[in-house]
Amino acid sequence: MLLNDFMNENFPNLELRPPLFYSWKIGIRFELGVDYDRDNDYENSPYLKGVYKRAITLFKSLHSHNDDIYIVVDVNDYADGYKHKSKTFSRYIKEKSVLYGLNQKTIPYIFPDDDDDEGTYKTDRFTLKCKTSDFKYIPMLKAICNNDMGIRPSIFNRVYFININRKTIFHVYDDRGCDLLATSPETIRDVYDKYNDWILDYDRNEIDETFK
């Protein structure tokens with residue numbers, strides 16, 4: 001099944017763009033970064049270790065070793081992203097043969113605004129279907145979390161993990177937090193219950209209503 005077919009069947013009318021949580025009726029927004037301090041944002045700092053731990057723990061709770069997933073990476077063509085795009089996949093995929101399945105599609109700029117009336121900017125969407133076991137998700141998640149911290153390695157392109165078996169979408173938007181979407185509350189109720197303390201308080205009331 002192609003990504004578009006999967007999305008149309010399971011997440012109709014949902015556009016893959018942040019903030020995902022506010023664009024779908026069933027989801028959780030988790031807080032990753034807690035007690036941020038400018039003096040506590042260096043590499044291997046307690047703050048970042050906490051961010052990594054939450055992101056990795058949530059990913060492991062959502063993705064089994066043999067689950068089929070789509071890794072979706074959006075590269076905006078104004079942002080000098082191509083060299084980073086190639087590293088996004090080649091650096092974290094274990095077997096290079098898996099990269100033969102990489103697909104690329106150019107779509108309208110994912111964040112249109114008044115400065116782009118002529119449609120100058122485009123977004124290149126790269127999609128790879130693979131198994132959870134095919135890629136090194138721990139260093140990849142860390143690199144995503146590093147982006148706004150000025151720490152390398154980092155991934156500045158937006159990355160979405162779409163679980164085909166569980167029908168979930170997981171998006172770490174930066175070190176502050178992540179969004180989890182599902183087709184049914186029951187699909188992610190275990191994660192909601194187990195990591196309830198990590199839910200972003202700002203959206204807690206809306207999230208709790210979903211799981212009543």
Side-chain angles (χ1 to χ4, degrees), residues 1-30 32 52-74 88-105 107 110 125-145 155 157-173 177-196 198-200 207 210-212:
M1 179 181 289
L2 298 175
L3 174 63
N4 283 351
D5 294 333
F6 175 86
M7 292 296 294
N8 288 336
E9 181 177 323
N10 297 284
F11 295 93
N13 302 315
L14 175 68
E15 187 175 1
L16 272 183
R17 56 174 290 177
L20 281 180
F21 174 78
Y22 300 112
S23 302
W24 188 249
K25 57 188 178 295
I26 302 167
I28 308 173
R29 174 159 275 202
F30 288 104
L32 298 180
Y52 297 157
K53 180 181 178 180
R54 288 192 176 194
I56 293 166
T57 300
L58 289 169
F59 185 93
K60 286 182 176 180
S61 297
L62 291 163
H63 305 86
S64 299
H65 193 67
N66 288 317
D67 279 349
D68 296 304
I69 68 170
Y70 292 110
I71 304 174
V72 180
V73 177
D74 282 347
T88 298
F89 288 101
S90 62
R91 180 178 285 170
Y92 301 105
I93 297 298
K94 295 177 182 178
E95 298 292 336
K96 302 310 177 189
S97 59
V98 176
L99 292 173
Y100 291 130
L102 182 63
N103 291 306
Q104 181 266 338
K105 180 181 180 181
I107 61 176
I110 207 69
R125 174 161 288 171
F126 294 84
T127 306
L128 181 67
K129 184 180 179 182
C130 62
K131 299 279 188 183
T132 304
S133 56
D134 286 330
F135 73 103
K136 296 175 271 191
Y137 60 84
I138 292 178
M140 191 174 189
L141 287 168
K142 288 182 176 181
I144 294 170
C145 294
I155 297 175
N157 300 315
R158 301 199 178 276
V159 182
Y160 306 91
F161 301 101
I162 303 175
N163 191 314
I164 298 171
N165 303 95
R166 195 163 181 172
K167 296 181 174 61
T168 57
I169 302 175
F170 185 62
H171 175 231
V172 176
Y173 47 86
C178 62
D179 288 338
L180 168 61
L181 271 55
T183 55
S184 164
E186 296 310 312
T187 305
I188 54 174
R189 183 175 293 279
D190 56 338
V191 181
Y192 166 80
D193 290 335
K194 190 171 184 179
Y195 304 105
N196 198 276
W198 296 359
I199 292 175
L200 188 66
I207 294 167
T210 301
F211 290 91
K212 273 187 175 179

#### Entry: Y195 versus T57, side-chain donor and acceptor atoms under 3.5 Å
no
### Query
Do I169 and L14 have side chains that get closer than 4.5 Å, going by heavy atoms?
yes
### Approximate separation, where rounding is to 0.5 Å, of D179 CG and F21 CZ
7.5 Å
### Query
Does T210 use its side chain to pair, donor to acceptor, with the backbone of I26 at less than 3.5 Å?
no
### Query
Taking side chain as C-beta onward, heavy atoms only, is I56 less than 4.5 Å from K142?
yes
Result block: side-chain N/O donor-acceptor pairs under 3.5 angstrom for residues 93-102, not counting sequence neighbours:
unit_1, atom_1, unit_2, atom_2, d
K94, NZ, S133, O, 3.1
K96, NZ, S90, O, 2.4

### Summary
Given the options D74, I71, L2, L3, T127 meets side chain to side chain contact (heavy atoms under 4.5 Å, CB included) only with L3
### Message
Run T88 and M140 through side-chain contact (heavy atoms from CB on, under 4.5 Å) and show every step you take.
### Response
CA-CA 8 Å; T88 298; M140 191 174 189; 4.1 Å; yes
### Task
Could you grab the distance from atom CZ of R54 to atom SG of C178, nearest 0.5 Å is fine?
9.5 Å
## Note on the structure
Distance col, row N163:CG vs T168:OG1, nearest 0.5 angstrom, shows 4.0 Å
### Message
Please report the interatomic distance CG(L181) to CG(L20), rounded to the nearest 0.5 Å.
### Response
5.5 Å
### Query
Sequence neighbours excluded, which residues qualify as ring pair (Phe, Tyr, Trp, His ring centres under 6.0 Å) partners of F161?
F59, F135
### Query
Taking side chain as C-beta onward, heavy atoms only, is Y92 less than 4.5 Å from Y137?
no
### Query
Got Y52 and L141 here, is their nearest side-chain heavy-atom distance under 4.5 Å?
no
### Summary
Tightest non-hydrogen contact, residues I207 and G27, listed as CG1-O, 3.9 Å
### Task
Sequence neighbours left out, what passes ring pair (Phe, Tyr, Trp, His ring centres under 6.0 Å) with Y192? Give chain and number order.
F211
#### Entry: Nearest heavy-atom neighbours spanning Y160 and P18
OH-CD, 3.2 Å
### Query
Distance from H63 atom NE2 to I69 atom CD1, nearest 0.5 Å?
5.5 Å
### Query
So how far is it from T183 OG1 to R166 CZ, rounded to the nearest 0.5 Å?
10.5 Å
### Query
Got F30 and I199 here, is their nearest side-chain heavy-atom distance under 4.5 Å?
yes
### Message
Can you list everything that forms a salt bridge (Lys or Arg N to Asp or Glu O under 4.0 Å) with K53? Sequence neighbours excluded, please.
### Response
none
### Query
Does some side-chain heavy atom of V159 sit less than 4.5 Å from a side-chain heavy atom of V172?
no
### Query
Counting distance only, does the side-chain N/O of D68 pair as donor-acceptor with the main-chain N or O of I164 below 3.5 Å?
no
## Note on the structure
Those residues at least two apart in sequence (or on a different chain) that pass ring pair (Phe, Tyr, Trp, His ring centres under 6.0 Å) with Y22 are none
### Summary
In short, side-chain hydrogen bond (donor to acceptor under 3.5 Å, both in side chains) pairs touching residues 2-16 with sequence neighbours left out are none
#### Entry: 4.5 Å side-chain heavy-atom contact, R158 and L16
no
### Query
If you take all heavy atoms of A55 and F170, which pair is closest and at what distance?
O-CZ, 4.1 Å
### Query
Just wondering, do V73 and I155 contact through their side chains at under 4.5 Å, heavy atoms?
no
